[in-house]
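Okay, so here's the structure we're looking at.
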Amino acid sequence: MNDESNDAARTSVFEDHRRLLFSIAYRMLGSVADAEDALQDAFIRWQRASETDVRSPKAFLVTIVSRLCVNHLQSARVQRETYVGEWLPEPLVTDPGGDVSRIAEVDESVSMAMLLLLERLTAVQRAVFLLGEIFDYTHAEIAGMLGISEANCRQLLKRARQHVRTHRPRFSASGRQHTELLERFSRAAGSGDMDGLLALLSSDVVMHTDGGGKANALPLPLYGPDKVARASVFGLSKLKTLNPLQRIVEINGEPGIVSYVAGRPQSVFTIEVHDGRIRAIYIVTNPEKLSHLPPPPC
C-alpha cells in the first residue's frame, strides 16, 4: 500500500471512531473547542504511529485521547485559577442536527451539573471514572490506557464513585416538566413577577454564570431564592434591551434557552430541576464558549 492509500485508510479508521473519541474528550474537558483540539492532536499521532505500535486501532486512539485530556486538565488547573469569574462547561447543543452528531451518547454524564461536579475530581480520577462508569472499560484496560497500576485504578475509581454519589445532581423532572418550568421561569423573569419566580425556585437554589471576563456575569455563584430571583429579573431586563431572538433547544441533554442577538448566540440558559422546582441555574455568556453553536433555528 502506498503512502497516499495508507493515509486514506488511517483517516477512515479515525473517522469511524470520531464520535467515541469526541464523547470521551468532551466529558473529560467540558469544552467543545478543547475536545476538538485533542482529537486533532490524536489524529496527527495516529497518522504517525507505526504498525507495531497499534494492536487495536480503537484501543490505541482511546488511549491517546485519554492521555491528551489528562495532560490538558493538569495544565488547565493553573489556567482556571486565573479565569475571570466562575468557570462553566462549554454548552453542547444535543438537538438532532446540532452537536449531537459529534457525540456517541447523550446521557446524564453530559449535563451541565454533572460536568461541573466532575471538575472537582483530579484529572486522572476523572479519566478513570468516565472510562469505567460511562464507557465500560475494565480496570485492567483503564490502567493500561493511563499508565497506572490496576490496584491504583481500582482505588481511584472507588474514590471518584464516592465523590459523585455524594454530590450527584438529583434529577427528577420529565422532559415536559423541565421545559414547562423553563418557560414559566422565563415569563416570570421577563415580566418582573417576583412572586411567580419565588414559587419556582427551591430553597437552596444556586445561580452559576460564566462570562469569562468578556461578557457580563456574576463573579461568584449566587445562593438563595430572593437573590436569584432579583438577579434573574435584572439580567433579563438588560437582555431585552438587545432585542434578542430566543429559542428553546436541547443543551447537554436538557431543555435550555439560547438567546441570539444580531444572528449570533449571546447566552445559553439552562436549569437543574428537582422535586418540581428549579434547584440550579446555569448561564453562559462567554462568547468564546458560544462560538461553535449553530445559527438560530427557524
Side-chain angles (χ1 to χ4, degrees), residues 22-23 25-27 29-39 79-80 83-103 106 110-116 119 175 178-179 181-190 207-219 221-222 228 231-273 278 280-298:
F22 180 83
S23 299
Y26 177 72
R27 287 171 169 86
L29 304 176
S31 165
V32 174
D34 290 342
E36 290 290 5
D37 286 346
L39 262 63
Q79 297 172 16
R80 288 179 190 171
Y83 190 82
V84 178
E86 186 178 11
W87 184 95
L88 290 179
E90 194 171 334
L92 182 74
V93 174
T94 47
D95 266 342
D99 292 327
V100 71
S101 60
R102 304 180 185 181
I103 202 161
V106 177
V110 297
S111 71
M112 296 290 281
M114 181 60 78
L115 290 175
L116 197 56
E119 280 292 304
H178 200 124
T179 301
L181 280 169
L182 189 69
E183 292 174 334
R184 289 171 61 193
F185 181 92
S186 182
R187 287 195 299 270
M207 174 183 281
H208 302 276
T209 60
D210 178 348
K214 302 173 180 65
N216 290 330
L218 300 168
L222 200 61
V228 168
S232 300
V233 171
F234 177 75
L236 196 52
S237 67
K238 288 189 67 176
L239 177 61
K240 290 171 88 174
T241 64
L242 302 175
N243 193 29
L245 172 67
Q246 295 186 309
R247 292 289 184 265
I248 292 181
V249 299
E250 188 177 283
I251 300 290
N252 292 71
E254 299 170 331
I257 297 175
V258 181
S259 297
Y260 297 88
V261 174
R264 296 183 178 182
Q266 187 273 347
S267 62
V268 168
F269 177 96
T270 58
I271 59 174
E272 177 190 332
V273 177
I278 297 171
I281 294 171
Y282 305 94
I283 304 172
V284 179
T285 55
N286 183 343
E288 292 182 358
K289 294 188 175 183
L290 305 177
S291 60
H292 69 280
L293 294 179
C298 298

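Residues: numbered from 1 along the sequence shown.
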Compare all side-chain heavy atoms of S232 with those of M207 and state whether any distance is below 4.5 angstrom. yes

For S291, enumerate each residue passing the side-chain contact (heavy atoms from CB on, under 4.5 Å) test, keeping only those at least two apart in sequence or located in another chain. none

Applying side-chain hydrogen bond (donor to acceptor under 3.5 Å, both in side chains) to E86 and not counting sequence neighbours gives H208

Which distance, rounded to the nearest 0.5 Å, do you find between the CD of E119 and the CE of M114? 13.0 Å

Measuring from atom OG1 of T270 to atom CD of E254, what distance do you get when rounded to the nearest 0.5 angstrom? 7.0 Å

Kindly indicate, with the supporting measurements, whether the criterion side chain to side chain donor-acceptor pair (under 3.5 Å) is fulfilled by H292 and E90. CA-CA 10 Å; H292 69 280; E90 194 171 334; 3.0 Å; yes

Partner set under side-chain contact (heavy atoms from CB on, under 4.5 Å) for V261, not counting sequence neighbours: L242, P244, Q266

Residue list, side-chain hydrogen bond (donor to acceptor under 3.5 Å, both in side chains) with E288, at least two apart or on another chain: none

Roughly how far, to the nearest 0.5 Å, is CD of E36 from CG of L29? 11.0 Å

If we only count heavy atoms from C-beta on, is the T285 to N216 side-chain gap below 4.5 Å? no

Grab the two heavy atoms, one from M112 and one from P89, that are nearest each other, plus how far apart they are. CE-O, 3.5 Å

Decide side-chain contact (heavy atoms from CB on, under 4.5 Å) for I283 and D210; before the verdict, give the C-alpha distance in whole Å, the side-chain angles of both, and the deciding distance to 0.1 Å. CA-CA 6 Å; I283 304 172; D210 178 348; over 6 Å; no

side-chain contact (heavy atoms from CB on, under 4.5 Å) involving L290 - partner list, sequence neighbours excluded: P91, P265, V268, V284, L293

Take I257 and F185 through the test side-chain contact (heavy atoms from CB on, under 4.5 Å) and record every step on the way to the result. CA-CA 11 Å; I257 297 175; F185 181 92; over 6 Å; no

Would L88 and L116 count as a side-chain contact (heavy atoms from CB on, under 4.5 Å) if you check the C-alpha gap in whole Å, the side-chain angles of each, and the deciding distance to 0.1 Å? CA-CA 7 Å; L88 290 179; L116 197 56; 3.9 Å; yes

The side-chain contact (heavy atoms from CB on, under 4.5 Å) partners of R264 (sequence neighbours excluded) come to none

Closest non-hydrogen atom pair between V258 and I251, with its separation: CG2-CD1, 4.0 Å

How long is the span from the CG atom in L182 to the CD1 atom in I281, to the nearest 0.5 Å? 9.5 Å

Not counting sequence neighbours, which residues clear side-chain hydrogen bond (donor to acceptor under 3.5 Å, both in side chains) with N252? List them please. Y26

Atom pair CG/CD of L92 and E250 - distance to nearest 0.5 Å: 9.5 Å

Could you note down all residue pairs passing ring-ring contact (aromatic ring centres under 6.0 Å, His included) where residues 232-263 supplies at least one of them, sequence neighbours left out? none

L239 side, atom CG; S259 side, atom OG - distance, nearest 0.5 Å: 4.5 Å

Might you confirm whether atom NZ of K240 has over 12 heavy atoms from other residues, nucleotides or ligands at distances under 6.0 Å? no

How close do V84 and G213 get, counting heavy atoms only, and between which atoms? CG1-CA, 3.6 Å

Looking only at non-hydrogen atoms, find the nearest pair between G212 and N286 and report the distance. CA-ND2, 3.6 Å

If you take all heavy atoms of A35 and A25, which pair is closest and at what distance? CB-CB, 3.7 Å

Determine whether L236 and F269 make a side-chain contact, defined as any pair of heavy atoms from C-beta on separated by less than 4.5 Å. no

Does P255 offer a backbone N or O that forms a donor-acceptor pair with the side chain of T179 under 3.5 Å? no

